Amino acid sequence: MPALRSAFFTLCCLAALPAAARELRPQVERLPNGLTVMILEDHAQPLVSTQMVYRVGGRTENPGETGLAHFVEHMAYRASENFPDTDVVSRIYAAGGEWHGYTWIDETAFFATVPAERLDLVLAIEADRMARLLLPAAELEAERGAVLTELHGYENDPASRLYDAVIAAAFVEHPYRNNVIGWEDDVRHITRDEIAAFYRSHYVPANAVLAVAGDVDGRAAMELIRKHFAGIPGGAPTPLPRSIEPPQLGERRVDLQGGGGQAWFQISYRAPAASDPDYPAFLLLQAVLSGSSGASFRQDETPFTARPGTRLHAVGAGVHEVRTFCAPTALPYVFSLSGTAEPSAPELRIEEEIEKRIAGLRDRPVPADELARARRGLLDALMLDDETTEDAAHQMSYYEAIGAFEVLRRLPERVAAVTAEDLQRVAAGRLQPWQRTLGWVHPGAPRTADKTPVLAPPPPPPRPAGLAESQPDDRLPAVRTLRNGVGLVARRLSRVPAGILRLVVPGNSISFPEDVDPEPATPDEPSWRHTSIDIRFRAGELAQAVETARRALETAKPAPPPDVSPIEDPEARLHLALRDLLGAVPAPPPSGPLTPAVIVAVGDLDETAALDLLAKAFGKLPARQPLPPAPLRIRKAAETIALPGMAQSEIGYAVPAAASPPSDALAWRLLLYVMSHGYEGRLGKDLIARRGLLYSIDSRYDSDGSSAWISLVTGVNPDKLEAARARFAALMDGLRQEPPTAAEVDEARQHLIGRRVTAPMSDDEISAAYAREWIEEGKLLDDAEFARRVRAVPRDRVLALVPRFLAGATAVVDVAPLSP
């Protein structure tokens, strides 16, 4: 939704020669009990990532039992024999790590990233989860509540509702048609015995793949793995479904209501499995139509928005944008085109315009220059698929689990070998009008009788406790400050032959040329009152990226604030309401030419040469104009927004915090950790794990260097809204009577120190972390200095913040029908 894109802009300027992806050559061993182990040594950063994948998902479930795999995944984050009371996640948080998981049609995945010296902890947790998971009946209803809350959260999104409906129509016999979260009535009736039987049958070594990637010694890591897993009984691998989906011999259609102020559409065709010889050609077809995000199904994977110069970029006929989605799967799945359009747009004409572009692929070969451009873009995307240790562990285990790891290893060369004739043949064989399933969500309010559950690729559940010391990363970037006040940062990371250039400029009501492609804001961006211009480049092409950035600065113009009144998404409305309650409004850029506050280059580059290039390109800009201070204060204590007819309500809390001095800013972050971090903290343990009133809590500390604020945001089922509000208020008030303990504050300290090492992994994340710290500190700290600062914050300073922490503002989005 363009009105929400306020703080993150990406300029796609990859050009010239295709870059080579690093080849995944892990150490592979199969234990006697059947567990497949893959270890990849990567010593670029002092961390390690693991991913345990079980070959069980939506395809494994029978009618009336949908959602079982996803429910087991939720329960698997609660407790095991040796890690009680959600320690399976609490201990990872406390070690400064991160964890997550997802369930999808082919598999269930659990992954974690921790400081390298904590690998033994993660392996112990995964072994306990595999063999000694506790499934107490007393906790079943609380987790059922979390699952239903997650399900209803997706129902607020018309695209998710449409996706489920189209997939259910596209598959008649095969269990790929199942909603992975589960149909609502099925989820409501899942029993503890069903969960236990499902767990015992499928979560066994013979049905699993464990991948480890990071700063480890392969032989030592394998010994640790044998210690934890070799004694677990192997069990049996879960077979593929016996059902074979018959060919689709006629067009199918789905019509829904409830698109709000616009229309939503999806067109899906049957797509080959990842092991199919036509899979590389299909990926290249996608790149011709829209561009490509590669071949990685990640937890946050979303359809790819068509890029300028591709066939689906400017469809016309009232279409806002078109997105494509093609996931790697064990068996044939779907290739989908989706998008939004003006409410009055003629649906038949939109279908004709898209079909015209598809027909062009069937009727004639793709021109050589267009094919070369699409192939280059796809190879670039594949190169970034295994950029970080977490990426590599995911790709290795995912593709091994679907029987296509060798396909993944050779995918770049197979894509390079695809011809124009191959594309025409595949399009003619698989993208005919009679092979498609079309769906529309028409504008307006949803029908109250339509309670369509939602397929969401991945989920997760709870989190933290336990202490661990993280080793500082001594590989520091090169830093320079120009006379005009612009900070320059360069860091060489040569894992893949590419990098990112990030310029952070003051203000976030800025318009750029049409070829500057905006993307939604992310929580990891440098500041809520700045704009980050991000440019990906190949190794050796930093100069071209710098020139693109220089032109963007020259042509940028102030933009009017977006009109937010039509926004009907409850979570988006809640975030806007919280900002309004604190006066955290968008900042216009300073008058005159834009001068960045900081410029960061990270990737396969020469640090000294990069700093020299940046200094030459941006050293003559006018002196940097910092944003004027914008003190935050509570404008209004509470606000309720009515959005009747949506599936899920929202609760939010916000309070001004300290941006400086650093000790006060850190004290706020420590207190926030005690109260909430993902699925844990005092709020998460009670509201999620114990009572099942919520699914997750998004907790954030945002700072622009002069002002800061803390926010807590969560979705809640309408029938639990009042109970959740009351319990939330009671837990917050309880902070007065039971202030943070010494153990809680110490755990929070260890988490902040550890996450500084494990959170920024990709070039994008590392550059954002550097930029954020420069905005907040005016310089970069080394890890040892940061750790000293955190440890120096006394518990008394955290306790002193409790009254201010509790003096925030509350916003609620109520989706219950209005009283007559």
Side-chain angles (χ1 to χ4, degrees), residues 2-14 305 384 477 479 485-491 498-513 515-537 542 545-559 562 575 579 584 586-590 593-603 610 614 617-618 621 624-627 630 659 700-708 759-778 780:
L4 297 179
R5 295 173 177 174
S6 60
F8 176 35
F9 293 86
T10 299
L11 286 69
C12 294
C13 64
L14 290 170
T305 302
L384 297 175
V479 177
V486 177
L488 305 181
V489 181
R491 167 115 185 243
I500 188 168
L501 176 66
R502 181 185 294 270
L503 293 83
V504 180
V505 298
N508 49 18
S509 294
I510 306 172
S511 66
F512 290 91
D515 61 344
V516 176
D517 192 27
E519 292 287 349
T522 72
D524 295 325
E525 290 308 304
S527 160
W528 59 276
R529 290 209 302 154
H530 291 75
T531 294
S532 180
I533 305 171
D534 304 342
I535 307 171
R536 284 276 186 188
F537 60 87
L542 177 59
V546 168
E547 177 57 26
T548 302
R550 189 191 60 76
R551 184 177 60 81
L553 292 179
E554 289 178 350
T555 55
K557 299 178 182 178
H575 280 287
R579 291 193 174 197
L594 276 180
T595 299
V598 61
I599 304 173
V600 184
V602 176
L614 296 174
F618 302 105
L621 289 174
R624 182 173 69 88
Q625 300 180 52
L627 289 171
R700 300 185 191 179
Y701 169 90
D702 289 301
S703 170
D704 67 354
S706 62
S707 302
M761 289 188 284
S762 67
D763 293 348
D764 182 42
E765 292 164 341
I766 292 169
S767 66
Y770 289 155
R772 186 166 54 249
E773 186 162 271
W774 193 280
I775 293 294
E776 295 175 359
E777 297 279 349
L780 295 187

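Quantities reported herein were computed from a predicted structural model and do not represent experimental measurements. All heavy atoms count here, side chains included; hydrogens, waters and symmetry mates do not.
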Colleague: How many angstroms lie between atom OG of Ser762 and atom CG of Leu384, to the nearest 0.5 angstrom?
Modeller: 9.0 Å

Colleague: Before accepting this row, confirm whether a basic side-chain N of the pair Arg491/Asp763 lies closer than 4.0 Å to the acidic partner's carboxylate O.
Modeller: no

Colleague: Indicate whether any N or O donor in one side chain lies under 3.5 Å from an N or O acceptor in the other, for Asp534 and Ser532.
Modeller: yes

Colleague: Which pair of heavy atoms, one from Trp774 and one from Gly487, lies closest together, and at what distance?
Modeller: CZ2-CA, 3.3 Å

Colleague: Say you draw a straight line from CG of Leu594 to CD of Gln625; how long is it, rounded to the nearest 0.5 Å?
Modeller: 9.5 Å

Colleague: For Asp704 and His530, which heavy atoms make the closest approach, and how far apart are they?
Modeller: O-CE1, 4.2 Å

Colleague: Check Ile766, Val489, Leu780 against Val600 for a side chain to side chain contact (heavy atoms under 4.5 Å, CB included) and give me the one that passes.
Modeller: Val489

Colleague: If we only count heavy atoms from C-beta on, is the Ser706 to Arg529 side-chain gap below 4.5 Å?
Modeller: yes

Colleague: Could you report the tightest heavy-atom contact between Ala708 and Ser703, atom names first, then the distance?
Modeller: CB-CB, 3.9 Å

Colleague: Got Phe537 and Thr548 here, is their nearest side-chain heavy-atom distance under 4.5 Å?
Modeller: no

Colleague: Show, in sequence, the C-alpha distance, side-chain angles and deciding distance for Phe618 and Leu553, and conclude whether the side chain to side chain contact (heavy atoms under 4.5 Å, CB included) test is met.
Modeller: CA-CA 10 Å; Phe618 302 105; Leu553 292 179; 3.8 Å; yes

Colleague: Taking Arg550 first and then Glu547, would you say they form a salt bridge - that is, a charged N and a carboxylate O separated by under 4.0 Å?
Modeller: yes

Colleague: Kindly compute the distance separating CD1 (Ile500) from CD (Glu765), expressed to the nearest 0.5 Å.
Modeller: 10.0 Å

Colleague: Taking Ser767 for its side chain and Val602 for its backbone only, find out whether a donor-acceptor pair lies under 3.5 Å.
Modeller: no

Colleague: Determine, step by step, whether Leu501 and Ile599 satisfy the side chain to side chain contact (heavy atoms under 4.5 Å, CB included) criterion, reporting the C-alpha distance in whole Å, the side-chain angles of both residues, the deciding distance to 0.1 Å, and the verdict.
Modeller: CA-CA 7 Å; Leu501 176 66; Ile599 304 173; 3.7 Å; yes

Colleague: Quick one, Val486 with Val598, criterion side chain to side chain contact (heavy atoms under 4.5 Å, CB included). Give me CA distance, side-chain angles, the key distance, then yes/no.
Modeller: CA-CA 5 Å; Val486 177; Val598 61; 5.9 Å; no

Colleague: Could you go through Asp764 and Arg502, starting from their C-alpha distance and side-chain angles, then the distance that decides it, and tell me whether this counts as salt bridge (charged side-chain N to carboxylate O under 4.0 Å, His left out)?
Modeller: CA-CA 8 Å; Asp764 182 42; Arg502 181 185 294 270; 2.6 Å; yes

Colleague: Let me confirm one number: the CZ-CG distance from Arg579 to Asp702, rounded to the nearest 0.5 Å.
Modeller: 7.0 Å

